[in-house]
Amino acid sequence: MWISSSKVQSAPNHRKTVESESYWYTLQPLKAYPSELKSRIIEMASAFESSLSSSLSGRQTLSATAPSMADSLPSINFGFDELRDRMAKFTARFDAFIEQGRKRVLEERNQFRMNIAELQEDQRMKKKDMEILQHKTSTHQQMISKEAAETQEMQAAIASLSSQRDKNKATRDALQQQIAETQKEIDARLAAQRAHAQYLESQSRFNIPELDFWMQNLCLKIEGAGQTDRLRFVFTHVDERDWDREAWFELCTSSRDYDVRHCRPKLEREKVDRVLERVNETRDLAVLLKGMRELFVEAMKS
């Protein structure tokens, strides 16, 4: 790497011609050194070159003017070898220093790269953690919104059920009141039915003798007309020519007012309506039987 010491030592006979060039080549590797140290070495080399050039020019002048005197002068040792050795040692130390600096710089660069790689890895992990947290946050927000919607739906359902419960409660109270009123009415009707049943039971002992009286004295018999709300009253002994000839009419009891639907033989409707009017006013069945028998007798005679 260094040319100065090896080049000068390998050519001792050409001392005067190559000394300046050797020191110039010695300074060439200094371009890679720091600027302050480089400037100092360049100053030392320029000073040495100026002193060397002045001594050489003086020698050449003396040899040109008085060659015999120059030949007779003793040789002067300027200490070039010592200077070369010192420069070589300095160069070796400087190379070692540069090598150590280079190694330190490489180590620091490698450490810096490792630190950068670790930081990048940490950044990547942090970024990944942030993405995971963002995903969790979005999922949590979605869950919160979904739970809020479900809460609103549940609140609406609760409100609807509460209103329905209130309506049902009001309906229940109204139904209970209606049930109580209906129960009272049922009790009253049951009492009336029991009273009516007692009356019918007490009256039943008079029905058979009265029916026998009607059948014997009025020549009357009562039959069913085939319907639950109709009775057929059959008379005999209404025709003087034929005492067994029958005359009958059907009485409808489906409504409050009595009504005669059919009769044999045929009677005038106006006369039947007059008899029914008297019966509906008095509510007496004997009036009906007497009036209808008279109408049948009159019809048989005509």
Side-chain angles (χ1 to χ4, degrees), residues 163-302:
S163 63
Q164 187 175 2
R165 181 196 62 187
D166 296 337
K167 291 180 181 179
N168 292 333
K169 186 176 180 181
T171 305
R172 183 195 64 186
D173 296 337
L175 290 175
Q176 287 178 353
Q177 186 177 0
Q178 291 179 2
I179 290 171
E181 294 176 355
T182 305
Q183 188 65 38
K184 290 181 181 179
E185 186 177 356
I186 290 172
D187 294 338
R189 289 186 178 182
L190 287 175
Q193 287 180 359
R194 285 193 294 269
H196 184 65
Q198 291 177 359
Y199 171 76
L200 292 177
E201 185 179 359
S202 63
Q203 188 68 24
S204 63
R205 61 191 179 90
F206 299 106
N207 290 336
I208 294 175
E210 185 175 2
L211 183 60
D212 291 339
F213 172 79
W214 287 350
M215 292 177 67
Q216 292 176 3
N217 293 290
L218 297 177
C219 297
L220 171 68
K221 63 180 180 180
I222 301 174
E223 299 176 351
Q227 297 182 7
T228 57
D229 56 350
R230 290 187 184 184
L231 292 174
R232 178 178 293 178
F233 296 88
V234 181
F235 294 98
T236 58
H237 297 80
V238 293
D239 188 1
E240 295 178 354
R241 296 184 296 274
D242 185 3
W243 295 112
D244 294 331
R245 185 180 178 182
E246 294 181 351
W248 57 269
F249 70 93
E250 291 182 0
L251 180 66
C252 181
T253 59
S254 60
S255 60
R256 184 181 181 279
D257 295 335
Y258 296 123
D259 187 16
V260 176
R261 298 293 177 88
H262 303 285
C263 60
R264 291 285 186 279
K266 291 290 185 179
L267 301 176
E268 295 181 4
R269 189 65 190 178
E270 294 179 356
K271 295 179 180 180
V272 176
D273 291 339
R274 285 197 294 270
V275 173
L276 289 174
E277 185 176 356
R278 291 196 304 269
V279 172
N280 290 325
E281 287 178 357
T282 59
R283 306 300 295 178
D284 188 2
L285 190 60
V287 176
L288 175 65
L289 297 176
K290 181 180 178 181
M292 292 300 295
R293 184 176 180 83
E294 291 176 353
L295 291 177
F296 284 133
V297 172
E298 183 179 356
M300 293 295 181
K301 288 180 179 180
S302 64

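Not measured: the values here are computed from a predicted model. Every heavy atom of this structure was used, including side-chain atoms; hydrogens, water molecules and symmetry mates were not.
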Trainee: Could you check whether Gln177 and Asp173, counting side-chain N and O atoms only, form a donor-acceptor pair closer than 3.5 Å?
Mentor: no
Trainee: Is the shortest side-chain N to carboxylate O distance from Glu294 to Lys271 below 4.0 Å?
Mentor: no
Trainee: Report the C-alpha distance between Trp243 and Thr236 in whole Å, list the side-chain angles of each, state the deciding distance to 0.1 Å, and finish with yes or no for side-chain contact (heavy atoms from CB on, under 4.5 Å).
Mentor: CA-CA 6 Å; Trp243 295 112; Thr236 58; over 6 Å; no
Trainee: What heavy-atom pair brings Arg264 and Phe296 nearest, and what distance separates the two atoms?
Mentor: O-CE2, 3.5 Å
Trainee: I would like to know whether Lys301 and Glu240 meet side-chain contact (heavy atoms from CB on, under 4.5 Å); could you show each step before the answer?
Mentor: CA-CA 8 Å; Lys301 288 180 179 180; Glu240 295 178 354; 4.1 Å; yes
Trainee: Count the heavy atoms belonging to other residues, nucleotides or ligands that lie under 6.0 Å from CD of Glu270, then report whether that count exceeds 12.
Mentor: no
Trainee: Mind checking the CG-CE spacing from Asp242 to Met300? Nearest 0.5 Å is all I need.
Mentor: 8.5 Å
Trainee: Check the surroundings of atom CZ in Arg172: do more than 12 heavy atoms from other residues, nucleotides or ligands lie under 6.0 Å from it?
Mentor: yes
Trainee: Below 4.5 Å, heavy atoms only, C-beta onward: do Glu281 and Val287 meet side chain to side chain?
Mentor: no
Trainee: Between Arg230 and Glu250, is the closest basic N to carboxylate O distance under 4.0 Å?
Mentor: yes
Trainee: Rounded at 0.5 Å granularity, tell me how far CG in Leu251 sits from CD1 in Ile222.
Mentor: 10.0 Å
Trainee: Are more than 12 heavy atoms from other residues, nucleotides or ligands located less than 6.0 Å from atom CD of Gln176?
Mentor: yes
Trainee: With heavy-atom distances below 4.5 Å as the criterion, would you say the side chains of Val260 and Leu276 are in contact?
Mentor: yes
Trainee: So for atom CZ, which belongs to Arg241, do other residues, nucleotides or ligands contribute more than 12 heavy atoms lying within a distance under 6.0 Å?
Mentor: no
Trainee: Considering all heavy atoms of both residues, which atom of His237 and which atom of Arg293 are nearest to each other, and what is their separation?
Mentor: O-NH2, 3.1 Å
Trainee: In Å, rounded to the nearest 0.5 Å, how long is the span from CE of Met292 to CG of Leu220?
Mentor: 11.5 Å
Trainee: About how many Å separate NZ of Lys169 and CZ of Arg165, when rounded to the nearest 0.5 Å?
Mentor: 7.5 Å
Trainee: Step by step, work out the side-chain contact (heavy atoms from CB on, under 4.5 Å) result for Asp187 and Gln183.
Mentor: CA-CA 6 Å; Asp187 294 338; Gln183 188 65 38; 3.2 Å; yes
Trainee: Rounded to the nearest 0.5 Å, how far apart are CG of Leu267 and CG of Asp273?
Mentor: 11.0 Å
Trainee: Check the angle between the aromatic planes of Phe249 and Phe233 and answer parallel, tilted or perpendicular using the 30° and 60° thresholds.
Mentor: parallel
Trainee: Over all heavy atoms of both residues, which pair between Ala247 and Val238 is shortest? Give the atoms and the distance, please.
Mentor: CB-CG2, 4.1 Å
Trainee: Just wondering, are more than 12 heavy atoms of other shown residues or ligands nearer than 6.0 Å to CD in Glu268?
Mentor: no
